[in-house]
Each structure stands twice: as structure tokens, then as C-alpha cells.
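No hydrogens, no waters, no symmetry mates; every other heavy atom, side chains included, goes into these values. The sequence lines fix the lettering, A, B, ..., with proteins before strands; numbering per chain opens at 1.
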Number of protein chains: 2
Amino acid sequence: MNPVTEQPVTAADKTFLQLRKDIVDGKIAAGSKLSETDLANRYAVSRAVVREAINRVETCHLVERRANVGARVVALSPERLVSLYQVRESLEGMAARLAAENMSDDEITDLMNLLDSHLQTVQSGETYYQEAGDVDFHYRIILGSKNDHLIAMLTEGIYHLIRMYRVQLGMAGPRVTTAFDEHRSIAQAIANRDAELAEILMRRHILYTRNNLAKKLLEDAS
Amino acid sequence: MNPVTEQPVTAADKTFLQLRKDIVDGKIAAGSKLSETDLANRYAVSRAVVREAINRVETCHLVERRANVGARVVALSPERLVSLYQVRESLEGMAARLAAENMSDDEITDLMNLLDSHLQTVQSGETYYQEAGDVDFHYRIILGSKNDHLIAMLTEGIYHLIRMYRVQLGMAGPRVTTAFDEHRSIAQAIANRDAELAEILMRRHILYTRNNLAKKLLEDAS
DNA sequence: ATCGCTTAAATTGTCGACAATATAAGCCAA
DNA sequence: TTGGCTTATATTGTCGACAATTTAAGCGAT
């Protein structure tokens with residue numbers, strides 16, 4: 001079920017989306033156990049659909065299951081955050097490379113317009129659009145790669161985990177001003193059809209973001 | 001369920017492994033529909049465990065499901081092969097980079113020994129160890145990355161798909177002699193702890209493999 | 001003959017009950 | 001008191017039956 005193009009139709013679909021949301025938002029604590037019976041009561045569905053929903057959030061790497069024991073929400077350790085961002089750097093770097101090769105001229109124009117509107121929003125002092133804007137930017141590049149495997153892995157797999165870290169560790173979107181300039185550079189490289197540079201810049205951008213998060217984590221720990 | 005360290009315990013585990021094998025080996029044709037009832041009879045289990053098994057092979061991107069319609073084995077198009085190898089290039093490149101940083105000295109020694117034994121096997125004219133040797137080489141580097149997300153994505157996700165292409169398109173392992181030299185270079189970069197070079201070489205190596213496969217596909221089509 | 005509607009068959013989705021396994025509690029012995 | 005064993009409880013795994021949906025077939029109208 002592609003979350004973008006397709007609608008939830010079955011009860012398992014809705015339960016899966018609700019469960020994923022509850023986990024990402026921390027409504028269900030990280031590291032806690034998922035009782036099938038409890039969830040069945042909570043969502044007012046049978047255990048069978050809960051099991052299917054759990055299987056699907058497991059696909060997103062949001063929970064881990066053990067046979068005859070049950071499923072637990074993943075723990076949010078700094079180490080896992082780093083390893084997650086390493087994967088993200090790798091995949092989104094490739095996405096930027098492919099986007100430079102495969103995005104249509106119209107899509108690139110739209111991307112530029114998005115950045116312009118984003119700039120105005122930032123300058124006007126409004127902040128709560130930041131994360132949405134950031135996600136939107138990355139999202140367009142991912143889709144611009146035109147690579148189905150890549151798109152699925154990022155949008156259905158990794159991104160929810162990243163959001164989970166952002167929400168639960170209280171990270172207010174990306175580093176605002178500097179990140180914006182980096183976005184511009186990436187977009188420009190894509191517009192120039194410079195695949196090599198687009199990949200390098202995207203990887204650096206994500207690396208910076210990771211370092212920024214790691215620093216924040218250390219500060220919070222002290 | 002990590003297929004390396006853990007054993008199949010439940011009926012759903014065994015059914016999943018069997019189903020995955022049957023799909024990868026082409027015993028169940030690519031693009032064909034998966035009837036839950038048929039599979040339940042074939043494997044002598046209830047529909048519930050078949051459904052769980054199907055959900056899991058869907059996680060490996062080996063089948064695609066649509067609500068109220070059913071699951072189909074994925075089609076093996078040249079385009080999808082290319083997109084798959086782009087993802088592989090990205091992830092295994094990162095794996096090689098991380099392996100250069102994180103593999104222990106002992107693990108690197110073992111890797112070198114593996115290459116030596118592999119060389120002897122090749123020189124003695126035996127060929128049927130080639131694919132196993134190739135898989136083993138890549139596998140060790142993936143594990144050497146010490147990145148859980150990366151390891152899971154490659155070993156539980158992408159690799160079965162790659163094997164499916166190899167088996168069903170009748171590809172006899174990797175390009176033997178040239179690939180071996182590339183392996184040596186990669187291992188040497190890792191031994192030198194040159195992460196940057198290890199990544200570049202691994203990406204080139206996988207790119208060459210992809211081009212080789214694409215060429216073979218074109219030849220077969222003609 | 002073709003198109004559309006209605007109806008019948010087959011397939012997937014959902015449910016509650018039972019079986020198998022793991023966890024917790026209680027007990028006995030050292 | 002502690003350690004290990006036995007028993008009780010709770011949770012997951014599995015099953016067959018029923019409901020909902022899709023697909024195919026049949027029929028009639030134009």
C-alpha cells in the first residue's frame with residue numbers, strides 16, 4: 001500500500017496507519033511491549049488484524065518481533081540514530097544523483113518554486129512550516145529519482161523512523177537557515193544536471209544534519 | 001527473524017522460508033498470482049500462516065499485494081533490475097566504507113584468507129564455488145559495516161531479489177576473473193582503512209556487474 | 001453482435017476459539 | 001535466603017468458519 005497514492009481500505013490498513021502514528025508520535029512508548037490483546041481492544045478490532053498491522057510496522061523497522069514472545073517498539077539509542085542516518089545518507093545521495101538525471105524540467109521548476117516560497121516563509125518569521133517544508137523538499141527529490149525500489153525504501157521504511165526520532169527527541173525540524181542554503185545548492189546542481197555534485201551535496205547535507213542531531217543528543221544527556 | 005543467527009521455529013517461519021525459496025528459484029513463476037488457498041494446500045498449513053508468509057515475502061519486495069485482490073510475484077523487467085542495482089550500489093558502497101572503519105583486524109585477515117582460497121579454487125578450474133564465494137565476500141563486508149539497519153536491508157531485503165534475477169535469468173555467478181581482481185582491490189582498501197577508496201571501488205565493482213548483466217539481457221533478447 | 005446490468009462463484013478480509021509456548025508464581029530442598 | 005523445580009497464568013501461534021469484496025458468468029436490451 002503506497003501511502004501517497006493509495007487510500008486505506010481494509011481494517012488492517014487503518015489499524016496499521018493508526019499504530020504507526022501512535023508509535024512515531026510516542027503515544028506508545030519506545031521500547032515498550034506490544035500486547036496483541038491490548039491493541040485489539042484499543043483499536044476495537046480482532047487480534048488477526050492487529051497481528052497484520054504489527055507485521056507491517058515491523059517492515060518499517062519500527063518494532064522488532066521474536067517468535068512466541070511478541071513485538072517491542074524499537075529503542076531510540078544514539079547509536080541506532082547514527083546507523084540510520086548512514087543509511088539515509090547513502091540512499092538519499094543516490095536519490096539526488098538519479099534526480100539530476102531523471103527529473104523533468106517541469107519538476108525542477110516546481111522544486112525551485114518550492115524553495116522560493118519556503119524562503120519567504122522563513123523570512124517572515126513563521127517557523128512551524130519548516131519541518132513540512134524540509135520533508136517536502138527531500139520528498140520531491142526522492143520521487144524525482146524515478147527509482148521504485150529507492151522510493152519505497154525511503155518513504156515506507158526509513159522516513160517514519162527518522163520522524164520518530166525527531167518527534168520523540170524533541171527536535172524542531174532541521175537547522176533552519178544553513179539547511180536552506182544547502183537545499184538551494186542541491187537544487188541548483190540538479191537543475192544543472194550535475195548528478196555527481198548533487199549526490200555529494202546531498203550526502204554532506206545529511207551528514208551535517210546527523211552531526212547536529214548527535215550534538216543535541218549529547219547536550220540533552222549532560 | 002534474522003536468517004543467519006536464528007532458526008525457524010514457528011510454522012509461519014518455515015512456510016515463509018519455503019515460499020521465498022520457491023519464488024527465488026522460479027518454482028513459482030515470476031508475475032504469477034499467489035492464491036492463499038492453493039498455497040495453504042501446497043504447504044499443508046492454514047490460510048492464516050500462508051497470509052503471514054506472504055506478508056513477509058512482501059517485505060523482501062518479492063511480491064506485491066493489493067487490497068481485496070491478492071498478491072502477485074514481482075515481474076523481472078530489465079528496468080527493475082537496473083533500479084535494484086542502483087540501490088545495491090548505494091548501500092554496499094556505504095557498507096564497504098563502514099567496513100573499512102569498523103572491521104576488526106581479525107576479520108580483515110579472514111577476508112584476505114577467503115580471497116586466497118577463492119583464488120586457488122578459480123585457478124584449479126572449479127567453477128561451481130564461484131557464486132557462493134562471491135556472495136560470501138560481499139556478505140562479510142556487509143556484516144563488517146557493523147550497521148544493523150544496513151545489514152538488515154541488504155541481507156533480508158535486496159539480496160533475495162538479486163538472487164532471484166540471477167537464478168531465473170540464468171546468470172552463472174559474477175564475471176569470474178575480472179571480478180576477482182576487483183574483490184582484491186576492495187579488500188586491500190579496507191585493509192588500508194581507506195574508507196573513501198573502499199566505497200568508490202565497491203560502487204564501481206557493482207556498476208560493472210550491472211552493466212555486464214544488462215548486456216547479457218540484451219543479448220538474450222535478440 | 002455488443003454493451004450494460006444482474007447474478008453467481010471464487011477469493012480475500014475478519015473473527016472467535018483452541019493449541020502451543022513462554023512468563024510468572026509458588027513451593028520445596030539445601 | 002537462595003536456587004531450582006513444578007505448577008499456574010498469560011501471551012502468542014494456529015485453525016476453521018463466516019463476512020465482504022472482487023471477478024466471472026449469464027442474460028437481456030439496443
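Under a 4.0 Å N-O distance rule, the pair Arg42(A)/Glu36(A) does not qualify as a salt bridge. With salt bridges taken as basic N to acidic carboxylate O contacts below 4.0 Å, one links Glu52(A) and Arg65(B).
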Could you give the side-chain donor-acceptor pairs of residues 144-151 of chain A under 3.5 Å, partners two or more places apart or in another chain?
| unit_1 | atom_1 | unit_2 | atom_2 | d |
| --- | --- | --- | --- | --- |
| Ser145(A) | OG | Ile142(A) | O | 2.7 |
| Ser145(A) | OG | Asn147(A) | N | 3.2 |
| Lys146(A) | NZ | Asn102(A) | O | 3.1 |
| Lys146(A) | NZ | Glu107(A) | OE1 | 3.3 |
| Asn147(A) | OD1 | His149(A) | N | 3.0 |
| Asn147(A) | OD1 | Leu150(A) | N | 3.0 |
| Asn147(A) | ND2 | Ser83(B) | O | 3.0 |
| Asn147(A) | ND2 | Gln86(B) | OE1 | 2.8 |
| His149(A) | ND1 | Ser83(B) | OG | 3.1 |

For residues 72-79 of chain A, dump all side-chain donor-acceptor pairs below 3.5 Å to protein atoms at least two apart in sequence or in another chain.
| unit_1 | atom_1 | unit_2 | atom_2 | d |
| --- | --- | --- | --- | --- |
| Arg72(A) | NE | Gly31(A) | O | 3.2 |
| Arg72(A) | NH2 | Gly31(A) | O | 3.2 |
| Ser77(A) | OG | Arg80(A) | N | 3.1 |

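For DNA chain C, the contact window with chain A, defined by any atom under 4.0 Å from a protein heavy atom, covers dG13(C) to dT23(C) in 5' to 3' order.
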**Asked** Going through the checks in order, is the salt bridge (Lys or Arg N to Asp or Glu O under 4.0 Å) test met by Arg20(A) and Asp25(A)?
**Response** CA-CA 8 Å; Arg20(A) 190 178 66 185; Asp25(A) 293 345; over 6 Å; no
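Using a 3.5 Å distance cut-off with no hydrogens or angles, the side chains of Tyr43(B) and Asp38(B) do not pair a donor with an acceptor. Using modelled atom types, one finds a donor on one side chain and an acceptor on the other under 3.5 Å when comparing His205(A) with His183(A).
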Check: protein-nucleotides 10-12 of chain D nitrogen or oxygen pairs below 3.5 Å:
| unit_1 | atom_1 | unit_2 | atom_2 | d |
| --- | --- | --- | --- | --- |
| dT12(D) | OP1 | Lys33(A) | NZ | 2.9 |
| dT12(D) | OP1 | Leu34(A) | O | 3.3 |
| dT12(D) | OP2 | Glu36(A) | N | 3.3 |

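The residue Ala11(B) sits close only to the backbone: its heavy atoms come under 4.0 Å of sugar-phosphate atoms, none of a base.
Taking the screw axis at each terminus of the helix from dA1(C)-dT30(D) to dA30(C)-dT1(D) from five consecutive base pairs, the angle between the two is 10° to within rounding of 10 degrees.
In this structure, Lys33(B) places its NZ atom where more than 12 heavy-atom neighbours from other residues, nucleotides or ligands lie under 6.0 Å away. Arg140(B) CZ: more than 12 foreign heavy atoms inside a 6.0 Å radius.
Evaluation of the side-chain hydrogen bond (donor to acceptor under 3.5 Å, both in side chains) rule for Tyr159(B) yields Arg88(B), Glu92(B) as partners, not counting sequence neighbours.
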